[in-house]
Amino acid sequence: MRADGLGREDAEARMKEVVAVSRERMGLLAAPYIFGIVAATVMGFISIPLLYHHDTVVWFNHHFVTTSVPEERDRETWLEVAKWSWSWLCVPFGQVTFMLLAFGVVRNQMMKLGLHPYSGHIR
């Protein structure tokens, strides 16, 4: 209010203009964050049937993994199905986890050096 020499009502109107302009430009700048949120949510929910649901695990194995299917008696419960599916899901899940860990370390080191990751550039 002081910087522009405005009264309270004029300052509030000015702030509404600033917020409106900020929100107009925020859509494109927020896209990577929105994509990350949506991708992580979808992948998190998809991982549950890919690990525990018998028919989903059999379908995914047939179309993408093509590993040998255990005998029917070795996949009667959801835990036995998970034991089988984890043998090939462990690799991509582990790799994604390690990649996220490495990205976190890189971001932390960048911040220590005064380098700004993406979020620092859009402020």
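Residues: numbered from 1 along the sequence shown.
Under the 4.5 Å side-chain heavy-atom criterion for Ile, Leu, Val, Met, Phe, Trp and Tyr, M110 and Y33 are members of distinct hydrophobic clusters. Hydrophobic clustering (ILVMFWY, side-chain heavy atoms < 4.5 Å, transitive): F98 and V105 are in distinct clusters. Using a 4.5 Å cut-off between side-chain heavy atoms of Ile, Leu, Val, Met, Phe, Trp and Tyr, with links allowed through other members, F45 and L89 fall into different hydrophobic clusters. I46 and I37 are assigned to two separate hydrophobic clusters, defined by single-linkage of ILVMFWY side chains at heavy-atom distances under 4.5 Å.
A salt bridge is absent between K16 and E12; no separation between the charged side-chain nitrogens and carboxylate oxygens falls under 4.0 Å. Between E72 and R75, at least one side-chain nitrogen of the basic residue sits less than 4.0 Å from a carboxylate oxygen of the acidic one, meeting the salt-bridge criterion.
The two atoms that bring S85 and L51 nearest to each other are OG-O, 2.7 Å, heavy atoms only.
Atom CD1 in I48 sits 12.5 Å away from atom NE2 in H53 (nearest 0.5 Å). The CG atom of L50 lies 10.5 Å from the CE atom of M43; values are rounded to the nearest 0.5 Å. In this structure, M111 CE and L113 CG are separated by 11.5 Å, a value rounded to the nearest 0.5 Å. Taking NE2 of H54 as the reference point, atom OG1 of T77 lies at 10.5 Å (rounded to 0.5 Å).
Using a 4.5 Å heavy-atom cutoff, the side chains of N61 and T66 are not in contact. Side-chain contact check for F103 versus M99: some heavy-atom pair is nearer than 4.5 Å. Between V57 and W84 there is a side-chain heavy-atom pair separated by less than 4.5 Å.
Every side chain to side chain contact (heavy atoms under 4.5 Å, CB included) that V38 has, sequence neighbours left out, goes to I34, V42. Remark: E80 engages no residue in a side chain to side chain donor-acceptor pair (under 3.5 Å) (not counting sequence neighbours). Applying the side chain to side chain contact (heavy atoms under 4.5 Å, CB included) criterion to L100, with sequence neighbours excluded, gives V96.
Around the CZ atom of F93, the shell of radius 6.0 Å holds more than 12 heavy atoms that belong to other residues, nucleotides or ligands. Within 6.0 Å of CD on E9 lie no more than 12 heavy atoms contributed by other residues, nucleotides or ligands.
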Exercise. Walk me through it: do N108 and K112 pass the test side chain to side chain contact (heavy atoms under 4.5 Å, CB included)?
Key: CA-CA 6 Å; N108 188 31; K112 286 181 180 179; 3.9 Å; yes
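Between W88 and F60, the ring planes lie parallel to each other; the angle is under 30°, not in the 30° to 60° tilted range.
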